[in-house]
Amino acid sequence: MEPGRFRQRGPFEWELPASGRMRVPGVVFGSRALIEAMDDKVGEQLANVASLPGIVDAAYAMPDAHWGYGFPIGGVAAFDADEGGVVSAGGVGFDISCGVRLLHTGLTAAELEADKQRLADLLYARIPAGVGSTGALRLSAAGMDAMLRGGARWAVAEGYGSVADLAHIEEGGCMAGADPAAVSDMAKRRQRDEMGTLGSGNHYLEVQVVDEVFDAALAETYGLAAGEVVVSIHCGSRGLGHQIGTDYLREMVIAAQEAGIDLPDRELACAPLKSALGQRYLGAMRAGINCALANRQILTHLAREAFAELFPQARLPLLYDVSHNTCKEETHRVGDGRRRLFVHRKGATRAFGPGHAELPPEYRQAGQPVLIGGSMGTSSWVLAGAAGTGERAFGSACHGAGRAMSRHEALRRWHGRNVVDELAARGILIRSPSFRGVAEEAPLAYKDVGAVVDAAAHAGLAEKVARLVPRVCIKG
DNA sequence: ATGTGC
């Protein structure tokens with residue numbers, strides 16, 4: 001994007017002033033270089049989002065923002081139900097509650113290296129990955145509804161992981177207000193065999209080493225030290241979330257028309273929060289959140305079983321689990337007052353600052369762990385929600401590197417086999433059912449995650465805590 | 001992201 005289109009609020013904050021149909025300004029966080037590298041579509045989509053009824057404060061884009069369906073990926077927008085505010089399926093994204101969780105292992109990098117090959121093969125054998133992959137579980141109709149209501153809490157009750165995990169998951173592992181009856185039979189059918197599976201695209205399970213610590217006090221609070229081995233799991237709600245998105249998008253196109261909302265782009269289809277459809281979507285979307293939380297909980301159990309075979313002494317406690325595709329009702333300070341708002345985060349991570357009541361006591365003074373997934377073969381990051389974040393972008397930060405080129409272009413430039421070999425030569429073992437998928441996810445197909453994280457830190461969205469480098473990657 | 005799609 002051309003930086004001249006923006007009014008610069010600070011070195012890392014760029015305002016697109018409200019004009020035309022925009023009700024509020026757009027705000028993009030990032031360095032000049034990141035703004036210049038962004039597709040013009042990000043500004044266009046931000047302006048479109050800013051025109052939706054009931055939007056509060058501004059339409060935000062994080063430093064990793066790129067062109068998405070209707071809303072930009074890396075977008076944050078909050079709506080007030082009392083002012084005609086809306087909820088949008090495209091504003092949440094198709095992979096509802098896609099997110100990242102991080103596990104400690106207590107192992108050292110040297111211990112990992114000695115058994116890395118065997119661990120890679122074992123994890124690949126135990127973790128179902130790829131398009132249409134199925135797990136060991138077959139949910140009955142009643143089991144499906146219990147899962148959609150209970151999330152990770154349901155998974156723990158079913159024997160996956162421990163009660164202690166729940167305190168380190170957003171919402172205590174169980175999103176309230178889920179309505180399984182609002183989820184179509186088709187969505188449930190697609191999910192029946194897919195619990196405990198990774199899926200495809202940018203989803204992965206990675207064994208990583210803490211490469212560098214940037215804030216010793218925060219790292220200690222989170223239990224991270226340089227040279228330690230951790231496990232990252234990045235995935236979402238699989239076929240169920242996708243089907244919910246598809247189902248409600250169709251209904252919202254019609255509903256927006258009927259509500260007299262003049263959409264600048266059909267992909268912004270939405271429904272008033274104070275409507276039967278808006279409420280039904282929220283119920284279905286929250287069920288989708290629980291599906292993703294349960295899925296990551298089961299995958300955690302599978303990872304622990306694999307580790308136990310090779311490293312019987314290892315324990316894998318959960319550091320944190322946070323989603324980056326949601327719409328959540330939260331209280332935020334706007335101007336002089338505090339308001340209940342429905343915050344859409346699409347490819348944006350919740351990043352509550354120090355003192356927030358929803359954080360577990362052991363992290364409350366430090367701020368929320370913000371887990372940033374890198375692209376394959378590059379770094380991942382642990383950040384901490386910053387003190388000022390809540391007033392800037394409704395307590396949000398970036399979620400990853402963001403694509404630098406299309407999947408099509410990546411396929412043209414690389415062969416999966418070569419990507420695997422080159423990474424192996426650098427000590428990074430990839431195990432994937434799809435060479436095509438590996439080529440699409442080649443490291444250079446993504447922007448530099450370090451630059452994105454630096455921009456988020458400079459913009460005051462989150463503090464840098466630690467950088468993680470991959471050693472084993474199970475790729476969907 | 002996705003029982004990947006013109």
Side-chain angles (χ1 to χ4, degrees), chain A residues 45 64-75 88-101 128-135 137-139 144 183-205 233-250 267 269 284-285 287-289 291-296 299 322-327 344-349 373-376 399-403 405-412 416 432-442 445-446 474-476:
Chain A
Q45 293 193 318
D64 53 337
H66 54 113
W67 181 15
Y69 188 93
F71 287 55
I73 296 163
S88 167
V92 171
F94 281 76
D95 190 5
I96 294 168
S97 200
C98 182
V100 180
R101 69 162 53 187
V131 178
S133 51
T134 55
L137 219 64
R138 299 286 173 271
L139 286 182
M144 174 65 67
V183 178
S184 69
D185 289 340
M186 171 85 90
K188 292 173 180 172
R189 194 158 56 238
R190 286 181 65 175
Q191 193 60 29
R192 196 181 49 190
D193 304 343
E194 290 194 345
M195 296 309 296
T197 66
L198 214 42
S200 63
N202 62 2
H203 291 166
Y204 58 76
L205 181 147
I233 299 173
H234 175 210
C235 65
S237 51
R238 306 286 285 110
L240 182 123
H242 189 268
Q243 191 62 46
I244 291 172
T246 305
D247 291 340
Y248 278 92
L249 202 85
R250 195 180 301 131
E267 294 183 357
M285 190 252 339
I289 291 178
C291 176
L293 296 180
N295 193 32
R296 291 198 286 273
L299 286 164
V322 62
S323 302
H324 47 235
N325 281 359
T326 58
C327 174
H344 295 67
R345 295 189 184 87
K346 178 187 187 181
T349 310
S375 52
M376 189 178 58
H399 85 306
R403 289 199 77 90
M405 70 181 70
S406 68
R407 292 183 177 277
H408 186 80
E409 173 67 9
L411 281 176
R412 213 180 56 74
S432 172
S434 164
F435 280 129
R436 177 187 173 149
V438 168
E440 288 179 350
E441 295 292 319
Y446 281 83
I474 310 302
K475 189 80 188 161

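Per chain, numbering begins at 1; letters A, B, ... match sequence-line order.
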Worksheet entry | From CA spacing to verdict: ring pair (Phe, Tyr, Trp, His ring centres under 6.0 Å), A/H234, A/H324 | CA-CA 10 Å; A/H234 175 210; A/H324 47 235; 5.3 Å; yes
Round to a whole Å and report the spacing from [atom1] of [X] to [atom2] of [N].
X: A/R407; N: B/dT2; atom1: CZ; atom2: P; answer: 9 Å
X: A/E440; N: B/dT2; atom1: CD; atom2: P; answer: 12 Å
X: A/R189; N: B/dT2; atom1: CZ; atom2: P; answer: 18 Å
X: A/D193; N: B/dT2; atom1: CG; atom2: P; answer: 15 Å
X: A/F94; N: B/dT2; atom1: CZ; atom2: P; answer: 12 Å
X: A/H203; N: B/dT2; atom1: NE2; atom2: P; answer: 5 Å
X: A/I96; N: B/dT2; atom1: CD1; atom2: P; answer: 12 Å
X: A/L249; N: B/dT2; atom1: CG; atom2: P; answer: 17 Å

Discussion item. At 4.0 Å (heavy atoms only), tell me whether A/G199 reaches a base, stays on the sugar-phosphate, or touches nothing.
Written reply: sugar-phosphate
Discussion item. What contact category does A/G236 fall into here, base, sugar-phosphate, or nothing, at under 4.0 angstrom with non-hydrogen atoms?
Written reply: nothing
Discussion item. Determine whether A/Q243 and A/R238 satisfy the following criterion, side-chain contact (heavy atoms from CB on, under 4.5 Å), listing intermediate values before the conclusion.
Written reply: CA-CA 9 Å; A/Q243 191 62 46; A/R238 306 286 285 110; over 6 Å; no
Discussion item. By nearest heavy atom, map A/E441 and A/G437 onto DNA chain B; which one lands nearer the 5' end?
Written reply: A/E441
Worksheet item: Do you know which of A/K188, A/R189, A/E194 makes side chain to side chain contact (heavy atoms under 4.5 Å, CB included) with A/Q191?
Response: A/E194
Item to complete: Using a cut-off of strictly less than 4.0 Å, decide whether A/T246 has a side-chain nitrogen or oxygen near OP1 or OP2 of B/dT2.
Response: no
Item to complete: Could you tell me whether the side chains of A/R296 and A/S323 share a donor-acceptor contact shorter than 3.5 Å?
Response: yes
